[in-house]
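Data first, discussion second: the structure below is written as structure tokens.
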Amino acid sequence: MEFENNSIEEIKYRKYSKRLVISGLAMIMLSVWSFFRFGLEVYSERYKLKAIMRRAVDLTPDMTQEDGLIILKGIIILIMIALFFSVLFHLFIGIQAIRDGLGRKNMVIYLLFALFVAQSAISSLGYSDTMVDILDEAIEDPDDTLEDLEDSDDMIEESEDIDDMFEETDDTIVNDEDTEFSSIILDVTTIIICFEMLYCSIRKRILSAKLKAKLKVEQKAELKG
């Protein structure tokens, strides 16, 4: 519902509506960036992933290096699919927030989803383990660390065609501190966007109720007059 007058409530109503649209757009852009950021992380750390999979192959006598790389690629594809659905989930929240801000029909449940996203971001704050770290821990051998594998001469031998994408290059060096810092920034930004969305939507609804009540009073006064 749009209000055309310029009372304080109506000005605030339009202000919170615009902020809600902006927060919806921010949610969409943030989700897309998270998806591409994961892809960049996988590409940058592909040599570490190769080292981890070779460890898994060493611990499984019946598995070949080729089998290990196929499994690794399968894991990455499954994670990418999961992230794609995560983008769709955030896209739904962002679109509903934009529709809400524009005064169009929307599904209020998006506010609960936004609260869930905020809670997830709060829970992940300070948890800086990447996919590489998680895979490393899953197959960790006390007598064989990831650092040992990276320093091993076997890790810098010529690769076959199937694992060319995992060959070591200069761009595979990732600064763990930068990764942790960027993850924290991403989580904090997500939290800010979600609570901005919740706050603006609630304030908009309160103001809308006040303006509707005020409009009814004015209409009744006109009828009596």
Side-chain angles (χ1 to χ4, degrees), residues 1-41 77-129 131 134 181-224:
M1 182 175 182
E2 296 293 336
F3 303 95
E4 298 178 355
N5 296 326
N6 289 314
S7 65
I8 295 176
E9 290 84 1
E10 289 157 350
I11 292 173
K12 287 183 178 180
Y13 177 87
R14 290 194 290 269
K15 180 184 75 173
Y16 287 119
S17 296
K18 290 178 181 178
R19 286 171 59 178
L20 194 53
V21 171
I22 293 172
S23 63
L25 290 171
M27 175 66 74
I28 293 172
M29 290 187 290
L30 192 65
S31 65
V32 174
W33 161 240
S34 298
F35 182 81
F36 284 107
R37 178 177 171 274
F38 175 80
L40 290 172
E41 179 184 322
I77 290 172
L78 288 175
I79 295 176
M80 293 291 283
I81 292 173
L83 282 172
F84 175 74
F85 282 106
S86 175
V87 170
L88 292 181
F89 179 71
H90 288 76
L91 184 64
F92 170 79
I93 297 174
I95 290 175
Q96 293 302 314
I98 294 171
R99 292 181 63 86
D100 193 358
L102 295 175
R104 298 176 183 173
K105 186 177 179 180
N106 61 88
M107 301 177 67
V108 183
I109 195 174
Y110 86 88
L111 295 174
L112 294 178
F113 291 160
L115 192 61
F116 171 77
V117 171
Q119 190 274 331
S120 299
I122 292 172
S123 300
S124 66
L125 270 177
Y127 184 77
S128 58
D129 283 356
M131 183 194 69
I134 294 172
F181 180 73
S182 62
S183 297
I184 292 174
I185 292 296
L186 189 64
D187 288 334
V188 171
T189 305
T190 300
I191 294 168
I192 292 173
I193 291 172
C194 288
F195 281 105
E196 170 76 1
M197 190 180 294
L198 288 166
Y199 176 74
C200 291
S201 182
I202 292 171
R203 289 291 297 163
K204 177 177 175 289
R205 281 169 168 75
I206 292 173
L207 289 167
S208 178
K210 288 181 178 180
L211 288 168
K212 286 178 181 178
K214 180 180 177 181
L215 183 61
K216 287 181 180 180
V217 171
E218 291 177 351
Q219 289 175 345
K220 287 181 180 180
E222 290 179 358
L223 290 174
K224 290 180 180 180

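- Taken to the nearest 0.5 Å, the CG atom of Leu112 stands 9.0 Å off from the CG atom of Leu198.
- In terms of modelled atom types and a separation under 3.5 Å, the side chain of Ser208 and the main chain of Lys204 share no donor-acceptor contact.
- The CG atom of Leu207 sits 5.0 Å away from atom CZ of Arg203, with the distance rounded to the nearest 0.5 Å.
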* Begin with the C-alpha distance, continue with both residues' side-chain angles, and end with the deciding distance and a verdict on side chain to side chain contact (heavy atoms under 4.5 Å, CB included) for Phe92 and Met107. => CA-CA 10 Å; Phe92 170 79; Met107 301 177 67; 3.9 Å; yes
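- Rounded to the nearest 0.5 angstrom, Ile202 CD1 and Leu20 CG are separated by 11.0 Å.
- Looking only at distances, no side-chain donor or acceptor of Ser86 sits under 3.5 Å from a matching main-chain atom of Ala82.
- Residues satisfying the side chain to side chain contact (heavy atoms under 4.5 Å, CB included) criterion with Leu78, sequence neighbours excluded, are absent altogether.
- Within the 3.5 Å criterion, the main-chain N or O of Arg104 finds no donor-acceptor partner in the side chain of Arg99.
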* Just do the side chain to side chain contact (heavy atoms under 4.5 Å, CB included) check on Tyr110 and Ile95 with the steps written out, would you? => CA-CA 9 Å; Tyr110 86 88; Ile95 290 175; over 6 Å; no
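- Ring geometry, Tyr16 versus Tyr199: the interplanar angle exceeds 60°, so the pair is classed perpendicular (tilted spans 30 to 60°).
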* To do: Go through the steps to decide whether Phe89 and Phe84 satisfy the test side chain to side chain contact (heavy atoms under 4.5 Å, CB included), and finish with yes or no.
  => CA-CA 9 Å; Phe89 179 71; Phe84 175 74; over 6 Å; no
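- In this structure the side chain of Glu10 reaches within 4.5 angstrom of the side chain of Leu211, judged on heavy atoms.
- Taken to the nearest 0.5 Å, the CD1 atom of Ile109 stands 12.0 Å off from the CG atom of Leu115.
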* Hey, mind stepping through Lys214 and Ser7 against side chain to side chain contact (heavy atoms under 4.5 Å, CB included) and telling me if it holds? -> CA-CA 11 Å; Lys214 180 180 177 181; Ser7 65; 3.7 Å; yes
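- Nearest heavy atom pair, residue Ser17 against residue Gly101, reads CB-O, 3.2 Å.
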* To do: Check the pair Asp100 / Arg205 against salt bridge (charged side-chain N to carboxylate O under 4.0 Å, His left out), numbers first and verdict last.
  => CA-CA 10 Å; Asp100 193 358; Arg205 281 169 168 75; 2.7 Å; yes
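- Checked by atom type and distance alone, the side chain of Ser31 pairs as donor or acceptor with a backbone atom of Ile28 at under 3.5 Å.
- Residues passing the side chain to side chain donor-acceptor pair (under 3.5 Å) test with Arg19 are Glu196, sequence neighbours excluded.
- In this structure, Lys15 places its NZ atom where more than 12 heavy-atom neighbours from other residues, nucleotides or ligands lie under 6.0 Å away.
- The distance from atom CD1 of Ile193 to atom CD1 of Ile22, rounded to the nearest 0.5 Å, is 11.5 Å.
- Between Gly94 and Met27, the closest heavy-atom pair is N-CG, 4.1 Å.
- The two atoms that bring Ile191 and Ala118 nearest to each other are CG1-O, 4.0 Å, heavy atoms only.
- Annotation: side chain of Arg14 is in contact with side chain of Ile11 (closest heavy-atom distance under 4.5 Å).
- Between Leu30 and Leu186, the closest side-chain pair of non-hydrogen atoms falls below 4.5 Å.
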